[in-house]
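In what follows, a single structure is set out as structure tokens and then discussed.
We use all heavy atoms of the structure for the numbers below, so side chains are in, but hydrogens, waters and symmetry mates are not. As the structure lists them, so they are numbered: ligands from 1, and atoms in each ligand from 1.
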Amino acid sequence: MPEESIDHIDFDELNKKAISQPLVNHIYTADPSAHYFNGKIYIYPSHDVDAGEAFDDLGSHFAMEDYHVISMDTVDSEAIDHGVALHVKDVPWAEKQMWAPDAAHKNGKYYLYFPAKAYDGIFRIGVAVSDNPTGPFVPEKEAIKESFSIDPAVFEDEDGSHYMYFGGLWGGQLQRWHTGSFNGDQPENPTAHIPADHEPALLPWVAKMTDDMLQFAERPKEISIVDEHGNLLLAGDNERRFFEAAWLHKYKETYYFSYSTGDTHFICYATGDSPYGPFTYRGHILEPVVGWTSHHSVCEIEGKWYLFYHDSSLSKGVTHLRSVKMTEIEHQSDGSIKTIKPYQD
Ligand code: FUB
């Protein structure tokens, strides 16, 4: 992921214009997956560190090693960091790059889902279990069978079924799975195996979880994201096509699938009638933030809806040192979501 010039940004001015401030500033946090469990807010973010890795378009500089869970009693309360909840050294199958996680709650247990690079250089998704929403989490010895790529997001439907959404391009390796098995050709080229601009874009994946929440209950399926005419978005449609950071929420009877467009830095959404899609593209939830990546979650808290997101304002623009923020969002009467500008004009 290239670093873009930030020399022109006056960060003091930018922070004055920011619509929200970092929830914690003693550590860097990113990729916030927020949940309202038992009347309290829990945020499962990446824990950004500067591990000294050189920048590259595979995201090697995102060399995170552990996860911390953040909690808040209410939307206005102080955000509390509960310390290390899971470290890569305790995960037998994972070597490095503990990227964007998510969590779920079922029958008194808490499940932390996380992508990491295995010793063979392939991203897989693992799960770790705790009796407590803040951990510590005990990892399963192996990654989830048939899991691949990054950015798991687990949605609980009203019937109690859980579905995992996942996938991410470039360093997230989704393009390497296009034919059904991993293509390790040209390992240093982040855009090798990406479809041509006129071809359909790569799609995110979904799988229902087993009752014990530890495996996929079915083979993962691709999720269609289509335009208003029902046509799949194209790979060259960079301002709308899926790149990474899948999330699903349900508002009234509609399923909202949201995601990052990566190299164009938008958080977009698409709507549908089923957790499997198809989803019809609707628009932007969040305009670009400072920093290359944009990643979010949407969570209902006491009848209001909030966007959890990150930017690199606290680190003055360092791509891999990000900070989690939150702001309220609005579903409008036509089902659209009002676009958020992260900094006021
Ligand atoms: O934090 C590492 C990666 O950057 C995440 O997995 C992506 O979604 C992007 O935010």
Measuring from atom CD of E53 to atom NE2 of H320, what distance do you get when rounded to the nearest 0.5 angstrom? 9.5 Å
Which part of M98 is near ligand 1, with near meaning a heavy atom under 4.0 Å away: side chain, backbone, both or neither? neither
Do W93 and Y119 have ring centroids that are under 6.0 Å from one another? no
Under a 4.0 angstrom heavy-atom cut-off, which atoms of ligand 1 come close to R322? 1 (O), 2 (C), 4 (O), 9 (C), 10 (O)
Give the atom numbers and elements of ligand 1 that come within less than 4.0 Å of a heavy atom of D151. 5 (C), 6 (O), 7 (C), 8 (O)
Geometry only, no angles: is D48 polar-contacting ligand 1 at N/O separations under 3.5 Å? no
Taking the six-membered ring for Trp, are F166 and F216 closer than 6.0 Å centroid to centroid? yes
Flag side-chain contact, heavy atom, 4.5 Å: Y28 against S312: no
On a heavy-atom basis, I'd like to know which of M64, H47, E244 is closest to atom 7 (C) of ligand 1. E244
Compute the ring centroids of W170 and F243, then answer whether they are less than 6.0 Å apart. yes
Over 12 non-hydrogen atoms of neighbours within 6.0 angstrom of NZ in K221: yes
Ligand-side contact atoms (ligand 1) for residue partner H295, heavy atom cut-off under 4.0 Å: 7 (C), 8 (O), 10 (O)
With respect to S294, determine whether any N or O atom, backbone or side chain, lies less than 3.5 Å from an N or O atom of ligand 1. no
